[in-house]
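Chain naming here is simple, since letters A, B, ... match the order of the sequence lines and numbering starts at 1 in each. Hydrogens, waters and symmetry mates are skipped; everything else that's a heavy atom, side chains included, is used. The structure presented is a predicted model; accordingly, all values stated were derived computationally and were not measured.
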Amino acid sequence: MIEFKQVNKFYGDFQVLKDINLKINKGEVVVVVGPSGSGKSTLLRCMNHLETISEGTLTVNGVSVGDKKTDINKLRRNIGMIFQHFYLYPHKKVLENITLAPMKVLGQSVKEAKETAMYYLEKVGISDKAESYPSQLSGGQQQRVAIARGLVMKPEIMLFDEPTSALDPEMIGEVLDVMKALAKEGMTMVVVTHEMGFAKEVADRIVFMDEGRILEEAVPAEFFENPREERARLFLSRILNH
Amino acid sequence: MNLLAPFIEVLTLDNIKFLLEGFMVTLKVAAISIVLSSIIGGLVGTLRYAKIPVVSQLLAVVVETIRNLPLLLIIFFTYFALPEIGIDMEIMTAAIVALTIFESAMLSEIIRSGLNSIDKGQIEAGRSSGLNYIQTLSYIVMPQALRRMVPPIVSQFISLLKDTSLAVVIALPDLLHNGQILYAQTGSGVTPIFTIVALMYFIVNFTLSRVARRLELKQV
């Protein structure tokens, strides 16, 4: 579904991604971990062309992402993205946040868009906040709205860029629960996170990155109990033993 | 009573009518310049924000040039220099053109920086939901930026209204100009005449800034 072949990415002289080869299959939940600055977010952001790759090929559903002939807006409809800082539209009510893209991109009627939006708001458990503004919501609620906003486009892929990193600890659970439910329904998910509990429980595969390279790919049990790479071992010891 | 006497002396019906005529010219020149410079400034500011290759750089040069010249010079230039290359305008047209050129440059900067103040994450959120760039700009960035821009834009409008008085140098028959004529004719009424002129400017500008304040409060 998503495939990187020999991908490199440079910011000037600095190489952010090095020799990336990665294949993500339909329905798979892939969790990307690694120290900060290792290129995890960049890797994720390349998948919906928020970042461009410098070399190699990247295809999503068989379509080349960076190709000039590719209709990137059409491709993006099919890829939901969740950000660390939510990025809800502060001037719009929760419901309007969710109905904007379906109405403007998919051409849905107000009624249809609202009905679908309410369905997803219920799904993430905050239908009672439909008429509130984002600023009136807690961080956890805002992130759940952001997830509903992504889901309403009925994407085949959902990307999560550190979805719980900006949240107070007591709100992390509610967001992870929504993500777990999504994973169970068979959504293809790529998640950059430091939540190792989530990774262990939900991931089909862990991708460990350091200094722009994918150093290890393994199923969670293997990765957490017996990481092959020295740097992965070091990373895990730092993150798990604090 | 002694204090008011000079006012009563000056405040004849004819004199008031004459001042109001000037006032209407001021308002007319200001209103037309506001509308034109809002359109041009909005367009230029947005184009510069969008970083369209060549176009944005070209506009940057133009805007910077205009912004760094005194308005008075631009008025002189429009009225006295442009005829030499065959562009001859009436006084009022010249005043409107000069003000529009200057204020468009100022407004474009307000609009550009207002747009820039919106978190790039908002654009990323919009674009990744499948909205194209123009849709993202018009539904997400612009509405948020406009709210922030209201106070500086209104204060620019107030400046513009006051700056119309600079067109006195090309003899635009505006409020200040007519005030000066009255004073020259009567010789004695300098304080009352300029007080009335000042009041007229003040009332309009103060109203403008009150309206702006209400707009600001409404958004909170």
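Only the side chain of F83(A) comes within contact range of chain B, with heavy atoms under 4.5 Å apart. Proximity to chain B is limited to the backbone of L88(A), based on heavy atoms less than 4.5 angstrom apart. If you measure heavy-atom distances from I79(A) to chain B, the contacts under 4.5 Å come from the backbone alone. Of the two parts of K74(A), neither the backbone nor the side chain holds a non-hydrogen atom closer than 4.5 Å to a non-hydrogen atom of chain B. Using a 4.5 Å cut-off between heavy atoms, H85(A) makes no contact with chain B at all.
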E109(B)/R48(B) under salt bridge (Lys or Arg N to Asp or Glu O under 4.0 Å): CA gap, chis, key distance, verdict
CA-CA 9 Å; E109(B) 280 299 275; R48(B) 282 195 66 195; 2.8 Å; yes

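Residues of residues 111-122 of chain B lying within less than 4.5 angstrom of chain A, judged on heavy atoms, are D119(B), G121(B), Q122(B) in numerical order.
There is no side-chain donor-acceptor pair under 3.5 Å between N48(A) and R127(B). Side chains of S41(A) and D161(A): a donor on one and an acceptor on the other come within 3.5 Å.
Between K23(A) and E28(A) no salt bridge is recorded (no basic side-chain N to carboxylate O distance below 4.0 Å). Between E124(B) and R45(A) a salt bridge is recorded (basic side-chain N to carboxylate O distance below 4.0 Å). A salt bridge links E64(B) with R67(B): at least one charged nitrogen is closer than 4.0 Å to a carboxylate oxygen.
Using cut-offs of 30° and 60° on the angle between ring planes, the pair F202(B) and F206(B) is parallel.
Taking the side chain as every heavy atom from C-beta outward, F86(A) and V145(A) never approach each other to under 4.5 Å.
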